[in-house]
Amino acid sequence: MVADERDGRAAVRTLEVHQHPADHGLWTYRKTTLYRYRSSRRRHPVPVLLTFALINRPDIFDLRPGNSFVEFLLDEGYDVFLVDWGYADEGDAETGLDDFALEHIPRAVREVRRASGAEEITLIGWCIGAVLTGMYLSVTLDAPVRNWIPLTMPFDAANTTCESLLGNDEVDTDWPGQYGAFLPGSSVDTVNKLLKPAPNYVGTPLRLFRQVQDGTADRSSYQPMARWVADTPNFPMRAFRQWVTWVYKENRLARGRVRLRGQKVDFAASRQSILVVTADSAGPFGVAAPRLRTPE
């Protein structure tokens, strides 16, 4: 049960969410819900809040036993909270990146502090979630966040596959809005797969077929990941237009030209201890790590 109200706390009950028990309904705001995973061996006073992308489900944080970031954090003694953005529908046409960064995230941080009793938290953002948390911190200099960990954050789209596919002049971000309040999840999934069509449409099915034939297919590993990949939420139309325009068409993040409600987004202004986690090849972005200066 989640309370159907604009900004309120629902009655807390425990249920199985993803792979580990979580308190469901600590708080809900529009489609966003906050979960809490309680560690039986808590020993760290600063709780962790996990945020993920708008176009994938946060289940990836707790995919299966033995392959779960939530499980790891709980075993290490952290109090863990997770934001679930939910599924966009016709009522979310005008929900933008600024709404998530300046309304949903601050409210979630407030509720984490209230529930945990902590003065500060650690904020972890993955993919678009890293960008949203960075936006929040860059314009909220007094945010009660001690540590910020952006994981594979899209930042500089110059000369990338995404820029070639979505940043060209032929892509009209206003056109889909004439037909709906959101970009359907199936369309988002198709675009993501077209970034690497051969591996996604040929390589993975062929590899699975061969593994089934020779008896080496690992069902417990493949099925949870396949379900997660197939469960792609809708992208609110205004957020979609902003993302494609700001990141792929105009590369505003890397150029320092993003403004949210009149406030300039400058990741270098963040005052938290920062750990940037990236990879040699972070998806379609050649460089996913943000260029952050050390605060003076």
Engineer: Would a 4.5 Å heavy-atom cut-off, applied to side chains only, mark Thr122 and Ile149 as touching?
Structural biologist: yes
Engineer: Verify the neighbour count for atom CG of Asp75: are there more than 12 heavy atoms of other residues, nucleotides or ligands below 6.0 Å?
Structural biologist: yes
Engineer: Asp98: which residues meet the salt bridge (Lys or Arg N to Asp or Glu O under 4.0 Å) condition with it, sequence neighbours left out?
Structural biologist: Arg238, Arg261
Engineer: Check this for me, if you would: do Asp142 and Arg271 make a salt bridge, where the nitrogen-to-carboxylate-oxygen distance has to be below 4.0 angstrom?
Structural biologist: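 No, this pair does not count.
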Engineer: Taking all heavy atoms of Leu275 and all of Pro150, pick out the closest pair and write down the distance.
Structural biologist: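 Closest pair (atom of Leu275, atom of Pro150, distance): O-CD, 3.0 Å.
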Engineer: Step through the shown structure and confirm whether more than 12 heavy atoms of other residues, nucleotides or ligands are within 6.0 Å of CZ on Phe209.
Structural biologist: no
Engineer: Under 4.5 Å between side-chain heavy atoms, chaining through other members, with only Ile, Leu, Val, Met, Phe, Trp and Tyr counted: pull out the rest of the cluster around Tyr179, sorted by chain and number.
Structural biologist: Trp175
Engineer: Which residue pairs pass the ring pair (Phe, Tyr, Trp, His ring centres under 6.0 Å) test with at least one member in residues 93-146, sequence neighbours excluded?
Structural biologist: Tyr29-His104, Phe52-Trp126, Phe61-Trp126, Trp85-Phe100, Phe100-His104
Engineer: Check side-chain contact (heavy atoms from CB on, under 4.5 Å) between Ala53 and all other residues, then give those that pass, not counting sequence neighbours.
Structural biologist: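 Result, side-chain contact (heavy atoms from CB on, under 4.5 Å) vs Ala53: Ile55, Asn56, Cys127, Ile128.
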Engineer: Tell me the closest heavy-atom pair linking Phe81 and Ala115, and the distance in Å.
Structural biologist: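 Nearest heavy atoms, Phe81 then Ala115: CE2-CB, 4.0 Å.
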Engineer: Lys264: which residues meet the side-chain hydrogen bond (donor to acceptor under 3.5 Å, both in side chains) condition with it, sequence neighbours left out?
Structural biologist: none
Engineer: If the threshold is 4.0 Å, N to carboxylate O, is there a salt bridge linking Arg30 and Asp92?
Structural biologist: no
Engineer: Report the residues that fulfil salt bridge (Lys or Arg N to Asp or Glu O under 4.0 Å) with Arg259, sequence neighbours left out, ordered by chain and then residue number.
Structural biologist: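 Per chain and number, Arg259 pairs via salt bridge (Lys or Arg N to Asp or Glu O under 4.0 Å) with no residue.
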Engineer: Checking Ser186 now: which residues fulfil side-chain contact (heavy atoms from CB on, under 4.5 Å) with it, not counting sequence neighbours?
Structural biologist: Pro184
Engineer: Tell me which pairs pass salt bridge (Lys or Arg N to Asp or Glu O under 4.0 Å) where either residue lies in residues 208-226, with sequence neighbours left out.
Structural biologist: none
Engineer: Please go through Leu141's hydrophobic cluster and name the other residues, only I, L, V, M, F, W, Y counting, with side-chain heavy atoms under 4.5 Å joining them.
Structural biologist: none
Engineer: Identify, with sequence neighbours excluded, every residue that meets side-chain contact (heavy atoms from CB on, under 4.5 Å) alongside Ser273.
Structural biologist: Asn147
Engineer: Could you walk me through whether Arg255 and Asp156 pass the salt bridge (charged side-chain N to carboxylate O under 4.0 Å, His left out) test, one step at a time?
Structural biologist: CA-CA 8 Å; Arg255 296 174 179 172; Asp156 189 350; over 6 Å; no
Engineer: Under the side-chain contact (heavy atoms from CB on, under 4.5 Å) rule, collect the residues that match up with Tyr87, sequence neighbours excluded.
Structural biologist: Arg57, Asp231, Pro233
Engineer: Going by the salt bridge (Lys or Arg N to Asp or Glu O under 4.0 Å) test, which pairs reach into residues 115-128, not counting sequence neighbours?
Structural biologist: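 Every salt bridge (Lys or Arg N to Asp or Glu O under 4.0 Å) pair that includes a residue of residues 115-128, provided the two are not neighbours, is Arg113-Glu119, Glu120-Arg146.
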Engineer: Of all heavy-atom pairs between Tyr37 and Leu82, which one has the smallest distance, and what is that distance?
Structural biologist: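 Result for this residue pair: CE1-CB, 4.0 Å.
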